[in-house]
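To start, the structure under review is shown below, and the notes come after it.
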Amino acid sequence: MASKKLRRAGLPQNLCERLSRHQITTCQDLLRLSLLELMKVTGQNYWKVQKLLNTVSQFCAPRMQTVYEMKRKRTMNPSTAFLPTTLEDLDKILHGGIACGSITEITGPSGCGKTQFCIMMSLLATLPTSMGGFSGAVIYIDTESAFSAERLIEIAQHRFPHYFASEEKLISMSSSIYLYRELTCDGVLKRIESLEEEIISKNVKLVILDSIASVVRKEFDTKLQGNLRERTNLLTKEASILKYLAEEFSIPVILTNQITTWLSEGLALQADLLSPADDLSLSEGPSRNGAGESGYVTAALGNTWSHSVNTRLILQYLNSQTRQLQIAKSPSAPFTSFLYVIEKSGLVLQDSGQKDQQCCSWEGTNPTLQAIKMQKESCPSRRLFSETHPRLLSFPDTKDLLLQLRIALRCNELLFFF
Ligand SMILES: Nc1ncnc2c1ncn2[C@@H]1O[C@H](COP(=O)(O)OP(=O)(O)OP(=O)(O)O)[C@@H](O)[C@H]1O
């Protein structure tokens with residue numbers, strides 16, 4: 001990764017200092033220079049500069065490893081491969097919890113518990129290894145000013161009442177969570193770019209970005225020409241840095257995302273404006289299944305972004321109390337869903353009697369249809385958006401429909417409207 005700091009490449013200290021006086025601090029800065037320029041800034045001869053270039057190139061080139069090495073590392077130290085969520089059944093299906101070395105996205109409508117999940121995970125990462133934690137620090141990038149220190153303490157005291165009985169433990173836990181409030185895209189990118197050194201110096205074992213979508217959606221109106229490309233470039237850059245950090249330090253990276261409702265003909269409505277009472281079904285991927293379903297809810301930020309995340313967990317409402325957690329995308333776990341509630345101790349899965357856990361094979365099935373089918377089966381009383389709002393979807397002019405829908409939502413007059 002070219003943004004790696006030269007100081008980490010094993011170059012002599014005096015050379016690093018000399019280069020930094022010329023604003024050359026990363027591999028990228030150095031590799032951009034010609035041999036002649038390098039000879040000038042380093043004061044070294046042609047051969048030494050050639051050697052320097054080789055060292056730096058090798059340092060930032062991606063390293064190859066065999067599957068055997070990968071497997072051996074995980075077998076030798078299985079507790080470092082996953083961060084347990086302490087939601088037992090979920091951990092079992094995920095082979096131990098949130099995977100290290102990759103990006104996990106938590107997506108869902110507003111208020112369904114994404115931030116609660118992140119706060120809970122940040123607490124869990126600080127726990128000692130004997131309790132399933134990573135005994136490390138956490139970097140929490142908050143783009144919505146949603147993080148609550150009081151809530152963190154409440155979850156800690158109710159989830160682990162014995163361990164957090166003393167104030168000392170609470171202080172130690174809360175001092176290992178480093179919170180950054182970044183309210184602009186530029187701020188988020190700069191923060192992500194500067195994480196490498198912090199991860200090393202603070203012994204960081206988990207990075208959380210809550211949420212990736214909010215700043216991006218605020219700043220990029222994708223209806224304007226060129227904005228979509230710029231937004232995709234930014235997201236791809238952020239994803240690639242976060243993936244690099246996850247892999248390089250073998251830590252989990254958790255991001256939250258919002259949802260978008262797609263109506264027919266590609267018109268999108270930001271569904272995070274909607275409340276649970278609006279009873280929108282949430283499915284992963286497009287639900288145009290030929291049955292005339294022209295409205296669906298999906299994770300925001302588009303298709304390219306969807307490919308950037310390794311694991312996607314969807315949180316959604318079933319009713320005002322009970323919610324559903326779905327493993328919607330995972331390289332190693334099947335599509336599964338669980339029921340959960342949010343309590344003082346954070347997210348709690350419903351007991352096995354009420355648990356809504358179903359596994360299915362993806363082979364030979366359309367994942368979208370499978371998701372919709374499972375959702376219908378798991379809660380027959382809930383119906384798809386297109387079923388509950390047939391008149392809405394047969395509205396002749398989609399632009400007009402969208403306008404009316406937005407007005408109805410703002411005026412809280414959905415019932416009247418329908
Ligand atoms: N102390 C608590 N006890 C029980 N439930 C709580 C408590 N605090 C918050 N909640 C629940 O958590 C919900 C808020 O969840 P959260 O803040 O994680 O939403 P979110 O998915 O991050 O939403 P957004 O996308 O708008 O940020 C509340 O609606 C409430 O149901």
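Counting convention: from 1, in listed order, for ligands and their atoms alike. We use all heavy atoms of the structure for the numbers below, so side chains are in, but hydrogens, waters and symmetry mates are not.
Note on E154 versus R151: salt bridge recorded, some NZ/NE/NH1/NH2 to OD/OE distance being below 4.0 Å. Under a 4.0 Å N-O distance rule, the pair K243/E238 does not qualify as a salt bridge. Taking the charged nitrogens against the carboxylate oxygens, R7 and E197 do have a contact shorter than 4.0 Å, which makes a salt bridge.
Ligand 1 lies within reach of R323, whose nearest heavy atom is under 4.0 Å from it. Between G113 and ligand 1 there is a heavy-atom distance shorter than 4.0 Å.
If you check the side chains of Y180 and D142, you find no donor sitting under 3.5 Å from an acceptor.
Contact atoms of ligand 1 toward E154: 1 (N) (distance under 4.0 Å to a heavy atom of the residue).
Contact annotation for Q258 and ligand 1: no heavy atom of the residue comes within less than 4.0 Å of the ligand.
Using modelled atom types, one side-chain atom of S57 and one backbone atom of L53 make a donor-acceptor pair closer than 3.5 Å.
Here the shortest heavy-atom distance to atom 23 (O) of ligand 1, taken over A146, P109, G111, belongs to G111. Taking only non-hydrogen atoms, the option from I155, I342, I106 nearest to atom 4 (C) of ligand 1 is I342.
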